[in-house]
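On a predicted model such as this, the values are computed, not experimentally measured, just so you know.
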Number of protein chains: 2
Amino acid sequence: MGNAVIDTCRIIHAMEDSPGEYARSDSNEEIMLATYCALREHGYADLTIKRIAEEYGKSTAAVHYYYETKDDLLVAFLDYLLDQFIDTVHEVETVDPQQRLDLLLDKLLTDPADHRNLLVALLEMQSQAPYKITFREQLQQNDEYLRYLLRTVISHGIEEGVFSDVDAEHAAQSLMTIVHGARTRAVVLDDPNALVTARRTADDYVDAVLQTNPE
Amino acid sequence: MGNAVIDTCRIIHAMEDSPGEYARSDSNEEIMLATYCALREHGYADLTIKRIAEEYGKSTAAVHYYYETKDDLLVAFLDYLLDQFIDTVHEVETVDPQQRLDLLLDKLLTDPADHRNLLVALLEMQSQAPYKITFREQLQQNDEYLRYLLRTVISHGIEEGVFSDVDAEHAAQSLMTIVHGARTRAVVLDDPNALVTARRTADDYVDAVLQTNPE
DNA sequence: CCTACCGATCGGTAGG
DNA sequence: CCTACCGATCGGTAGG
């Protein structure tokens, strides 16, 4: 499993080292990737500038050249990481409420590719939320946005009469709770099944609480 | 908020420094408490033997006298921490399925006293699960036990005809997902309301999925 | 249990 | 961007 992770990072680096298409100003992107790999391999507690520099392939001074302090770098990295999750969700373009909610939950609770590695990285960053106000605010904003997406689609469904007239904000919070619970359990208990189970739980919830039973 | 934490730890220390009732062999308990406070105040990434020793009120060598390595200490501490949660749940003695499930969820999703501090400590320890097999196994065992309690009470309810004939294991996993999600959100987003909301979500789930509608 | 100390490593900087 | 280096701090141990 440890090897799988390293491989993933090697693959990412390989992809990115390919033909020099865009300007070298993408050093930032490279450092973000290096941070991602170093974090995934060592965890937040053992994440050092030196290890990031090793993944980056340059010296520690090179890292400090782009980011004055370790904190600056990590704040930027958390934005980068949360964007990865947002991007996935933005792939859903359907507007039909039932279908859209279904697909949003799919994106939030499965989808993968590199999902497991992303979830580990997220867990590590989350663990610093009680101590770094910046992190906490970034995570709050992300949660708020995802909740907004859910609340909106639920409201639309209610207006169209396909969902029961429930408290849309509460329903959105409930689904976010299931999402966070699934992610935590998947990574902490090392149980990939946790996401699949939670996807079903979310469906239970939608079917039983939101869905109008046409009979 | 930072002050509130420190105060909590001071209070705990005060309680424990009171009349010398039991033998001094309780140094272990004192070190566990010191670790709890140091962890709560600084987070896992900045948890050092020195800081634990400061909370303990003795030298770092004193800590190493009882625990050979930092790892040994932290493994013992995780057991200690998880026991705190288990103890709370064990206060539920009711056998009536509906009432018992209700009270179990209360204990898992509210109860507090020092709940928030306990949740922060848990989050910190969880963040090391991907890197320390021992931690992961301890957390797996804990989750398994709580799931067992839920599955059992659900099965009893089904036998007695007060719950629908659902997959008890899946229902238990769903509730555990909600519990983990609530804890994560409460601490990471610093939203005490997350627990209350999730308690309602759990009720939604129980009412809609488990409860037989007698009509 | 304490004092004193070990080698290793940390984030960050000076000077180029 | 690199080499070389800074003071501070880490987990752990020797000797008592």
Reading DNA chain C 5' to 3', what string of ( ), [ ], | and . shows its pairs, if Watson-Crick and G-U wobble pairs count only when both distances fall under 3.5 Å? ||||||||||||||||

Sequence neighbours excluded, which residues qualify as side-chain contact (heavy atoms from CB on, under 4.5 Å) partners of A/His90?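 A/His90 satisfies side-chain contact (heavy atoms from CB on, under 4.5 Å) with A/Ile86, A/Tyr145 once adjacent residues are dropped.
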
Under 4.0 Å between a side-chain N or O of B/Tyr56 and OP1 or OP2 of C/dC1?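 For C/dC1, OP1 or OP2 has a side-chain N or O of B/Tyr56 closer than 4.0 Å.
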
Rounded to the nearest 0.5 Å, how far does CD1 of B/Ile178 lie from CG of B/Asp203?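 That separation rounds to 10.0 Å.
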
State whether [X] and [Y] are salt-bridged, where the test is any N-O pair (Lys NZ or Arg NE/NH1/NH2 against Asp/Glu carboxylate O) under 4.0 Å.
| X | Y | result |
| --- | --- | --- |
| B/Arg116 | B/Asp190 | yes |
| A/Asp191 | A/Arg185 | no |
| A/Glu169 | A/Arg147 | yes |
| B/Arg151 | B/Asp167 | no |

For A/Tyr205 and A/Leu175, work out which heavy atoms get closest and say how close.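 The pair with the smallest heavy-atom distance is CD2-CD2, 4.1 Å.
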
Rounded to the nearest Å, what distance is computed from the CG atom of residue A/Asp46 to the C1' atom of nucleotide C/dC10? 12 Å

Would you mind building the protein contact string for nucleotides 11-16 of chain C? One character per nucleotide, 5' to 3', B for base within reach (heavy atoms under 4.0 Å), S for sugar-phosphate only, - for untouched. SBB---

For atom CD of B/Glu91, decide whether the heavy atoms of other residues, nucleotides or ligands shown that lie under 6.0 angstrom number more than 12. yes

